[in-house]
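Residue numbers begin at 1 in each chain, while the letters A, B, ... track the order of the sequences. Being a predicted model, the structure only gives us computed values, none of them experimental.
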Amino acid sequence: MLGAAGPVAEQTRSLFLLVCTILLFVAAPVLLLTPIFAWHYRLSNTKSAYRPQWGFNWPLEGFIWIPPAIIVVVLAVFLWRDTHRLDPYKPLASPYPPVEVQVVALDWKWLFIYPDEGVASVNELAFPADRPVHLSLTSGTVMQSFFVPQLAGQIYAMAGMTTQHNLAANKPGRFRGENTQFNGTGFQNQKFSVLAQSTDDHATWLSRARASGRTLDQGAYTALTARSTQTEPILFGAVSPGLFHAILAQNDPAMHVAHGHRPK
Amino acid sequence: MNDDSLRFLLFGRLNAQAFPFVRAWQNPNISELIGALAGALVVVGALALVALLTWKRWWRPLFRDWLTSLDHKKIGIMYIVIAGVMLSRALVEAVLMRAQQSLAVDAPGIVAPEHFAQLFSTHGTIMIFFMAMPFLTGLINYVVPLQIGARDVAFPLLNSISLMLTAGGASLVMISLAVGEFSTGGWSGYPPYTGKVFQPGVGPDYWIWAITLSSLGTTFSGINFVATIYKKRCPGMHLTCMPLFCWTALCTSILMIFAMPPLTLATALLALDRYLDFHFFTNDLGGNMMNYVNLFWLFGHPEVYILILPAFGVYSEVISAFSSKELYGYKSLAAATMVIGVLSFTVWLHHFFTMGQSADVNAFFGVATMTIAIPTGVKIYDWIWTMFRGEVRFTAPMLFSLAFIVTFVLGGLSGILLAIPPIDFVVHNTVFLVAHFHNVLIPGLLYGMIAGYMYWFPKAFGFRLSEVWGRIAFGFWVSGFYLAFMPLYVLGLGGMARRSQALFEPDYRPWLLIAIVGAFLLLAGLVSLFVQLWVSVRDREASRVPVGDPWDARSLEWSVSAPPPEYNFAIIPQVDRLDPFYWLKERKEAYRPARRYDAIVMPRNSWVGPLVGLAGAVCAFGLVWHIWWLTILAFVGVWAPVVARSFVRDVHRTIPASEVEATDRRWLDCAQATRPVPRELETEPANLGLARPFPAQVPA
């Protein structure tokens with residue numbers, strides 16, 4: 001998070017630093033008073049006062065209840081504001097429309113489907129750096145958590161339902177993405193590359209995908225669902241229409257498609 | 001019937017591959033060898049124990065004086081023995097995991113992924129269910145009846161059954177080292193990963209049945225303690241006269257009663273999924289894993305307070321005793337405890353802010369979570385102001401308490417950060433989270449348990465623990481904690497996922513190397529505790545405290561001999577205010593014989609507890625391996641002693657008044673003959689457990 005490279009991560013970082021600053025004032029009295037009192041009132045200090053039957057004081061009671069309560073109220077205001085501002089479901093402000101990407105979490109790889117471009121990739125999420133990305137996530141296996149630390153927070157991907165996420169990069173760059181929810185022996189290898197590209201580079205990437213000649217159909221998808229790790233990214237030049245919904249539907253559409261709220 | 005079905009009928013899923021020794025023989029890599037070594041340790045350890053008991057002829061005393069005993073003090077001690085054994089295993093596992101991560105930056109390391117996953121699953125499961133829970137249950141068991149002036153808990157037999165169920169669960173986890181494998185689903189065991197489709201083996205079943213046994217035991221303990229505290233207080237001991245440890249024990253017990261059922265339910269439903277093809281939490285046919293996640297954390301968050309509140313109680317006792325001063329803000333502390341207890345049920349969703357709920361829901365639970373910081377902060381200040389105008393002694397339990405205050409505040413701050421959903425999104429499931437909960441649980445729970453163990457040890461065994469080794473242990477536990485976990489905060493902010501068997505970022509390496517040093521220091525801390533115990537037992541003649549009040553403390557448990565008689569009090573005390581023993585000493589009314597001694601009726605020993613625990617563990621083993629005949633037989637074995645017991649009429653024995661009087665007078669004579677010691681000599685051999693009164697006040 002400290003290497004924030006996108007608007008969501010940057011706002012999160014400022015919130016983090018703001019809260020840390022406030023918390024310094026919470027910690028400081030405790031960190032100071034504890035050693036001071038313990039040392040000053042040590043047994044061998046015969047000059048310190050001793051009041052064994054003193055155990056309550058109203059003003060002091062106010063002092064230990066009220067300031068913490070005020071700090072919590074202040075923090076709660078920031079919390080409420082930024083939880084809404086940084087809701088992962090909320091579209092990011094941008095002059096350009098977001099790139100739509102459908103994400104399928106597999107064991108132990110990530111499948112990215114670009115419905116508008118009709119291409120797909122495994123373990124490589126590429127997009128033009130000047131456009132935000134809107135992700136719809138599901139899982140073809142157990143629960144996983146999609147995370148690109150430098151760009152935005154994480155969100156779970158669960159079979160039979162979709163969650164949503166929005167992220168963007170400030171400028172072209174290459175970032176590391178990962179699954180953070182343990183899902184078996186290939187878990188530690190389930191990393192992917194995130195490529196925020198210049199418009200030209202992205203066009204090249206798309207044409208490279210199309211030139212690959214591979215089609216992501218049900219058969220190719222089934223092959224991908226094998227429990228295995230994938231070190232090199234794979235590109236698909238074509239995707240069977242409605243594949244993402246077919247993956248969702250494999251896990252009982254009637255029960256789950258309604259899940260996941262839409263941003264207001 | 002062919003061979004295969006006969007084998008299944010007899011042995012279920014059990015086969016040669018289940019034994020790590022066979023696996024290591026067939027595939028001798030370092031990971032399998034470590035597994036086989038661990039399994040061998042269990043087997044050799046068990047055999048060595050049997051040999052020792054036989055050689056020393058300790059079998060009979062073991063059963064007569066300990067395993068069948070219904071004495072809350074002995075049950076408490078046995079709980080803590082379980083905690084010590086399990087702590088040792090889980091801490092070694094932690095060191096192994098840290099070693100793996102420090103070696104596995106762009107390298108394979110020493111532990112294979114499958115093995116690593118079992119390590120973090122057993123580490124978490126053991127530390128929560130078989131280290132922390134037995135430790136605090138043991139302390140509560142030992143201390144609460146003494147503090148409220150009772151002879152025993154409300155239901156002594158149920159107490160023994162609770163202990164033995166917990167022991168059964170713990171032994172199941174140990175058996176999984178030598179027979180089969182453990183779950184790889186972590187201590188929280190999220191389906192669908194732990195479902196039959198993805199984990200067909202025995203691992204999750206071991207996990208399910210081990211924690212089912214333990215959580216049944218814990219539920220019974222909770223009921224028992226609540227009944228004890230409500231109904232068994234001595235005359236005059238109003239709720240507001242109870243020592244603070246009793247308040248925290250009460251709150252924890254209430255939480256146990258309400259928080260354990262969701263866990264038992266969640267694991268039972270998961271078991272139905274795994275055994276009978278139900279679809280509560282599967283991906284398909286209408287299952288929904290989110291229900292499990294909610295149920296689990298509906299237990300899981302109150303559980304955090306179940307763990308931490310008794311430690312808060314210990315700190316309240318220790319800081320007050322070693323400051324020779326009344327606890328500051330007693331009512332405030334009791335109120336804060338109960339507020340925390342209520343709030344603990346309103347925050348479970350913060351364990352999964354990332355599951356896609358709306359911002360409103362997340363924000364609500366975020367604010368609720370931060371609200372808990374208020375009563376917790378109040379407690380911290382109450383302890384600080386308890387030292388104010390006191391006479392502070394830096395004994396080992398006090399040092400642990402001071403380290404707790406300072407360190408816990410840091411853990412609390414990272415907790416506030418995690419309570420804010422947008423921040424949680426970037427550190428959830430990373431080692432930042434791991435650092436946070438170790439930062440609250442090691443100082444918040446473990447330091448408290450160690451402090452309580454050192455504080456009450458002289459009461460339980462009649463001699464003090466070595467102060468020197470106590471301080472050495474303190475040094476290791478505190479330095480080790482900081483070195484092991486502060487780097488994880490940094491790594492977590494860098495996005496390092498928890499539970500990673502291998503890493504691919506060279507930048508992580510220096511931090512991981514610091515963390516492994518810390519892990520070894522923590523191990524040294526554990527070893528120092530054992531050395532302390534060894535040295536103290538060896539030198540016990542020089543540290544005896546027969547009069548029973550080595551720390552000049554304030555509550556009733558210090559008003560009896562050390563160790564206390566089986567019936568705790570020769571006559572049930574009568575109290576009229578908080579800190580009754582302090583006021584007795586102030587009024588020079590302590591150590592007086594009773595006007596009249598009566599016969600005391602105590603429960604007889606019972607075999608029901610050990611039999612239920614053993615049958616429960618065997619039943620669970622049968623379920624794990626699908627050995628149905630064994631399961632059915634053992635299930636009958638669980639209930640048979642319970643039913644048989646209801647026909648036994650002679651369940652009490654009477655201790656004659658003359659014996660009670662003789663014992664009491666012997667102790668009183670000893671107190672008369674003992675020279676009181678000032679606090680300066682508290683840790684010296686001169687301290688025989690009789691305190692010289694302080695001057696009432698020293699002006700500023």
Side-chain angles (χ1 to χ4, degrees), chain A residues 1-2 12 15-16 19 23 26-27 30-31 33-34 37-38 41-43 49-56 60-61 64-65 68-69 72 75-76 79-80 82-84 86-88 142-143 145 147 149 153-156 158-160 163 178 180-183 185 187-188 191 251-252 255 260-261, chain B residues 113-114 186 190 192-193 198 283-286 289 324-330 332 354-356 358-359 362-363 366-367 370 373-374 377-378 380-381 384 387-393 402 405-406 409 413 416-417 420-423 425-426 428-429 493 495 497 499-502 679 697-698 700:
Chain A
M1 175 174 82
L2 298 172
T12 310
L15 176 65
F16 177 80
V19 175
L23 291 181
V26 178
V30 174
L31 299 184
L33 285 179
T34 307
F37 279 11
Y41 293 105
R42 70 193 183 277
L43 182 63
Y50 179 50
R51 296 270 188 288
Q53 292 160 21
W54 177 82
F56 193 77
L60 187 56
E61 206 60 9
I64 63 180
W65 280 93
V72 165
L75 285 171
L79 184 152
W80 194 272
D82 284 2
T83 302
H84 287 85
L86 295 169
D87 181 4
V142 301
M143 180 198 278
S145 189
F147 188 24
Q154 55 197 299
I155 193 92
Y156 287 165
M158 293 172 284
T163 45
E178 61 186 345
T180 63
Q181 179 75 32
F182 183 82
N183 61 341
T185 51
F187 166 71
Q188 63 283 342
K191 312 290 181 201
N251 294 305
D252 202 346
M255 295 300 294
H261 72 286
Chain B
E114 168 75 19
Y190 276 16
Y193 180 69
F198 297 98
N283 275 343
D284 55 347
L285 296 173
M289 69 211 75
S324 283
K325 205 172 146 279
E326 187 173 313
L327 194 59
Y328 174 80
Y330 168 82
S332 200
T354 51
M355 211 158 71
S358 75
N362 277 349
V367 172
M370 288 206 306
I374 302 173
V378 165
I380 297 275
Y381 280 108
I384 293 178
M387 294 188 291
F388 180 70
R389 294 184 172 170
E391 295 287 3
V392 178
R393 285 99 67 194
L402 292 171
I405 295 182
V406 170
V409 165
L413 298 192
I416 296 267
L417 288 166
I420 298 173
I423 296 178
F425 293 156
V426 294
H428 178 66
N429 269 351
L493 289 175
R499 298 175 173 173
S500 297
Q501 179 265 349
R679 290 305 92 200
Q697 284 201 355
V698 178

Top of [options] for chain A proximity - count of heavy-atom pairs under 4.5 angstrom:
options: S500(B), G366(B), P422(B); result: P422(B)
options: A363(B), P192(B), P113(B), G186(B); result: A363(B)
options: G329(B), S324(B), A373(B); result: S324(B)
options: M370(B), M289(B), R679(B); result: M370(B)

Atom pair [atom1] ([X]) and [atom2] ([Y]), whose distance is rounded to the nearest 0.5 Å:
X: H84(A); Y: S358(B); atom1: NE2; atom2: OG; answer: 6.5 Å
X: F16(A); Y: L417(B); atom1: CZ; atom2: CG; answer: 5.5 Å
X: T34(A); Y: M387(B); atom1: OG1; atom2: CE; answer: 5.5 Å
X: I423(B); Y: D82(A); atom1: CD1; atom2: CG; answer: 8.0 Å
X: W80(A); Y: N362(B); atom1: CH2; atom2: CG; answer: 10.0 Å
X: T354(B); Y: Q181(A); atom1: OG1; atom2: CD; answer: 7.5 Å

Top contributor to chain B interface from [options] [non-hydrogen pairs under 4.5 Å]:
options: P68(A), G153(A), A27(A), G55(A); answer: G55(A)
options: L15(A), L31(A), L23(A); answer: L23(A)
options: L33(A), L79(A), N183(A), L75(A); answer: L79(A)

Inset, instruction - Report the C-alpha separation of Y50(A) and R389(B) in whole Å, then their side-chain angles, then the decisive distance to 0.1 Å, and conclude whether the side-chain contact (heavy atoms from CB on, under 4.5 Å) test is met. - result: CA-CA 5 Å; Y50(A) 179 50; R389(B) 294 184 172 170; 5.9 Å; no

Non-hydrogen side-chain atoms of [X] and [Y] separated by less than 4.5 Å:
X: F147(A); Y: V426(B); value: yes
X: I420(B); Y: V19(A); value: yes
X: L86(A); Y: F425(B); value: no
X: M355(B); Y: M158(A); value: yes

What part of [X] gets within 4.5 angstrom of chain B, counting heavy atoms only: side chain, backbone, both, or neither?
X: I155(A); value: both
X: F187(A); value: side chain
X: S145(A); value: side chain
X: E178(A); value: side chain

Legend entry - Check: Y193(B) ring centroid to F182(A) ring centroid under 6.0 Å: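 So the answer is yes for these two rings.
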
Of all the heavy-atom pairs spanning [X] and [Y], show the shortest one and how long it is.
X: K325(B); Y: R51(A); value: CE-O, 3.4 Å
X: G495(B); Y: P149(A); value: CA-CG, 4.1 Å
X: I384(B); Y: F37(A); value: O-CD2, 3.3 Å

Proximity breakdown for [X] and chain A, heavy-atom pairs closer than 4.5 Å:
X: I416(B); answer: side chain
X: I380(B); answer: side chain
X: V409(B); answer: side chain

Legend entry - H428(B) backbone acceptor or donor facing Q154(A) side chain under 3.5 Å: yes

Legend entry - Y381(B)/E61(A) under side chain to side chain donor-acceptor pair (under 3.5 Å): CA gap, chis, key distance, verdict: CA-CA 9 Å; Y381(B) 280 108; E61(A) 206 60 9; over 6 Å; no

Inset, instruction - Classify the angle between the aromatic ring planes of Y41(A) and F388(B) as parallel (below 30°), tilted (30 to 60°) or perpendicular (above 60°). - result: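 The arrangement is perpendicular - the two ring planes meet at more than 60°.
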
Legend entry - Check against side-chain contact (heavy atoms from CB on, under 4.5 Å), V142(A) and Y190(B): CA-CA 9 Å; V142(A) 301; Y190(B) 276 16; over 6 Å; no

